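None of the values given here were measured: they were computed from a predicted structure. In what follows, chains carry the letters A, B, and so on, assigned in the order in which the sequence lines appear, proteins first and then strands, with residues in each chain numbered from 1.
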Amino acid sequence: MSDTILVSIIMTLVAASTPILLAALGELVVEKSGVLNLGVEGMMLTGAVAGFAVSLTTGSLALGLVAAVLAGIATAMVFAVLTLSLTANQVATGLALTIFGIGASSLIGAGFVGRTITRLGPIFPAALSEHPGLRAIFGHDIVVYLSLALVAGVSWFLRSTRPGLILRAVGENDASAHAIGYPVIAIRYGAIAFGGALAGLGGAYFSLALTPMWADRLTAGRGWIALALVVFAAWKPGRLLLGAYLFGAVMTFELQAKAAGISWLAPEVLAMAPYLATIAVLTMMSLGRKTGRLDAPACLGKPFSAS
Amino acid sequence: MTASPRDRTDAPPRLALSHISKSFPGVKANEDISLSVRPGEIHALLGENGAGKSTLVKIIYGVQQADAGTIAWNGDIVSIPSPKAARRLGIGMVFQHFSLFDAMTVIENIALGLDEAVDRDELKARVAKVLESYSLPLDPEREVHTLSVGERQRIEIVRCLLQKPKLLIMDEPTSVLTPQEVERLFETLRQIASEGCSILYISHKLHEIKALCDTATILRGGKVVAACDPKVETTRRMAELMIGADLKQIEGAHGGKVGSSRLTASSLSMPGEPPFGTNLKEVSFEARAGEILGIAGVAGNGQAELLTALSGERLAASPAMIQLDGKPVGCAGAGQRRAAGLACVPEERNGHAAVPDFSLAENAVLTARYRLPLAPQGFIRLGAVRRFAQAVIGRFDVRTTGPAAPARALSGGNLQKFIMGREIGQEPGVLVVSQPTWGVDAGAAAAIRQALVDLAARGSAVVVISQDLDELLELADRLCVINEGRLSAPRAVADLKIEEIGLMMGGIHGAGQAAEVAAHA
C-alpha cells in the first residue's frame, strides 16, 4: 500500500469521524448534567440545512457554520423548554425532536436540493496542507481541529473546573445540588444549549464539508450512533474520541473494501461492520472495570422540579 | 470553657425567631414559634417526628419561607431567601439527609458545598487542617458510595466547619456514632461554641442534650410546648413533654426463655465488595430462640457485609456456613431464606429496604409475600395487601396518608417504623436488623424496641446490628463487637461496662486480640 493511499485513508477517516465526534461530545455534556436528549439526529439535521442555506445565500462558509450552531441551539431549546420548564418526559420529547428535525429540515431544504457550494477547505497554507508527508496532519479543515480541541476542552472542563464539577453534581444528584443551592434547571438549560450547538455543527459538517450539498436525511442516522457512543464510551471524552475514530476507521475500511471489489463479504455485512466493531471494542473496554453502573450519571433522564 | 458563653446576656441574640408559622396543604407544620439563641450557646430543639423541627430549621436555613413571623440575626430583621443567603449570614447546617454525590470523591463533595471556588490544593490543605484539628478520620480521595453513613456525615460536618459558621444547625448528628465518637463530637461542638459560634442541636437523645446543651426548646405538633434548662430538667420529664404522654418503659427485655439455636454462622468468610468493602473473616455466632443478640461496631467494619451475607444478597462459599433452624442455607437466595423464616432489614431505607416510588402496600408485598399469602400463584391479593399494610401502619403509628402513599413521601423515621412493622408482622423465625431506630424519635424508637423484645419473647431469634450502644444495652441479651470484619465472642450484657464495649468498637484492643477472643469462642 503506497503512502498516498494511506494518507487518503486517514483523510477519509478523520472526515467521517468528525460529525459523530462533535454530536456525541455535545450529548455527553448534556447527559452529564442528567438530561437524556434523544433528539441529536434532529438537531444535526436542522444544523445541516441551516448551515447549507446560509452558506449558499451569503456565500460565506463561516456564516454557515455560525448559522448551524444557532439552529442547533434553537432546536435544542424546544427540547429544553418542554422537558425542563414543563417537565415533559425526556425520552418521548427527544424522539419527537428527531422527527421534528427531519421534517423541518426537509421543509427548509426543499428549495436547496441539487445545488452545491464550495466545500470547507483546509486551513493551513497549501505548502503544508498539500505536502504529501504532512497532509495527514495539516490537511484538514477548521472543524476537525476544533472538534479535537473541544474533546480536550470538555475533558478538562468536566474534570478540573468548578463549573464542570457543578455540572456533574447536578447530573449525579439533582435534589442534593438543589439543596446546596445550585440552579439545577439553569445549568441543564446551558448543557442542552451546548449539546444543540455541537449537534448543529456536526450536522453542518455533512452539508458544508463531506457532501457540499443538501439532501433529505443527509446525516443518515449518525445522531443515533453519537448517542450510542456516549454510553459505550462510559461518558468519558477520551474514549468518545477513540470510539468516533474507530467508527470512522471501520467505515473507511468498508469504503475501501467496496472500491477494491472484495466479493467474499456481502456488502450488507460490510455496511454493518462500523457499528459492530465500535460496539464490540467499547464493550470490551468497559468489561474489566469494577463498577460499570456508576459510569452513568445517576439522575440521567429523571425529570426534576424544585419543591 | 462552659461558663463564659452563657454569661454574655447583654449582646443581642445571635438568632431570634418571633411568631414563625408555616403551613403545608392539610397540615400546620409550625405555629407561632418563638425562640432565641445567644452567641456561643448550644440550644437543643427537641421533638418527635412531625413535630415541626425540620420545617423550622429549613426556614432558618432558607430552604423554605415562613408564612408569617420574623427572623432577627444579631438584632437585625433579615430575610433568608435561600441556603446561600443563610450561609452568607454565617449559618451552616448538617442535614439528617445528606446532600452528597455518590459517584464523586470526598474532596469534590466538600468543594461542592462551598459557595466560592477554592483552588484544589488549597482546599485539600484546609480540609486536612479541619480533619486534623477536630480529629475526624476521613480519606478525601475516596468516593462517597464506598463510605458508611457515619463517614458520610463527617463530610457534611467538614463542609460546615470550612465556612467558619456563626450558627451551626445539627440535625440528629449522633445517630450513627460510637460513644467515643459522640464524646469527641461533643468536645468539637463545645470547642466551636467556646469560639463564639451558636449551635442549634436537634436530637431526641435526651441524655446527650443533658450532657451538651445549655437550653432546650421542646416542640410538639408544630408548637413550642416548653423551654427548659436540660441540665436541670429530668430526662423523663423532657421525654414526656416531647411525646405529650407518659413514656413507656420497655418491658420484658433481658432474661426471656432462651431455646435452641435458630441462626448459626460458622466461620463465615466473604470478600468485601471491591474496591473498599470490608472482608468478613471467620465470623461465627449463634442466635438462639427467645434472645436478642446485639452486634456493636463502628460504621464500616463489616456490618453491611454481614447483613448482605445473612440476607442472601450475597451467597456464602458453602451452604453450611449459615444455618437456619439447623438447615444449611448459605447458598440459598434471599427469597428462599425469607420463605424459610429469615427476615432482614438493611440500614438504608430508601432504595434498599423499600422502593421509594412504590406505595407502602406494594413495598409490603415485596418482602411479606413469602410468609403471608399476599401473592399466591403469583397473583397479588390487593385486599389482603392493603389490610396488611394498614395493620402495620396502625400498629406502629406510621404517620402517613395510608397504604397508597409512596415510600419516598415518608420521613426517615416513619418509613423505618413501616419497614420494621412489615418484617415483624410476618412473625419471622429469625430477624436480622441493622440500625433499627436510626433517626426515629423517642416514642417510636421505644415502640420498635418493644416490638423486637416481644418478637424474641414469642420464640424468634433477633439479631440487632447497631452503632447505638444504649440501644444494644437496653435490648440485647448478649453482645458481640464487629471490628475490621471480625466478630468477637459474645458476652452477656449483664457483665459488660459501656466503656469496655466502646474500646472494643474503636479497635483499641486490636484486630489480633479480637480474633484471638473469637477463636476461643
task = May I ask you to check whether over 12 heavy atoms, not counting those of Leu315(B), lie within 6.0 Å of atom CG?
result = yes
query = Side chain, backbone, both or neither: which part of Arg120(B) has an atom under 4.5 Å from a heavy atom of chain A?
reply = neither
remark   = Pair count under 4.5 Å, heavy atoms only, with chain A: among Lys84(B), Lys58(B), Met93(B), Arg87(B), highest is Arg87(B)
query = Given a strict heavy-atom distance threshold of 4.5 Å, which part of Ala179(A) is in contact with chain B: side chain, backbone, both, or neither?
reply = both
key: Polar contact flag, side-chain donor to acceptor under 3.5 angstrom, Thr46(A)-Thr75(A)   = yes
task = Give, as side chain, backbone, both or neither, the part of Ala177(A) having an atom under 4.5 angstrom from any heavy atom of chain B.
result = both
task = Look up atom CG in Asn173(A) and atom CG in Leu112(B), then write down how far apart they are to the nearest 0.5 Å.
result = 10.5 Å
inquiry  = Could you check whether Arg152(B) pairs with Asp102(B) (Lys NZ or Arg NE/NH1/NH2 to Asp/Glu carboxylate O, under 4.0 Å)?
reply    = yes
note = Under 4.5 Å to a heavy atom of chain A? For Glu116(B) that would be backbone
request  = Could you have a look at Ser160(A), Pro163(A), Ala169(A), Gly181(A) and say which one has the most heavy-atom pairs with chain B under 4.5 angstrom?
outcome  = Ala169(A)
ask   = Can a donor-acceptor pair be found between the side chains of Thr219(A) and Glu41(A) at a distance below 3.5 Å?
value = yes
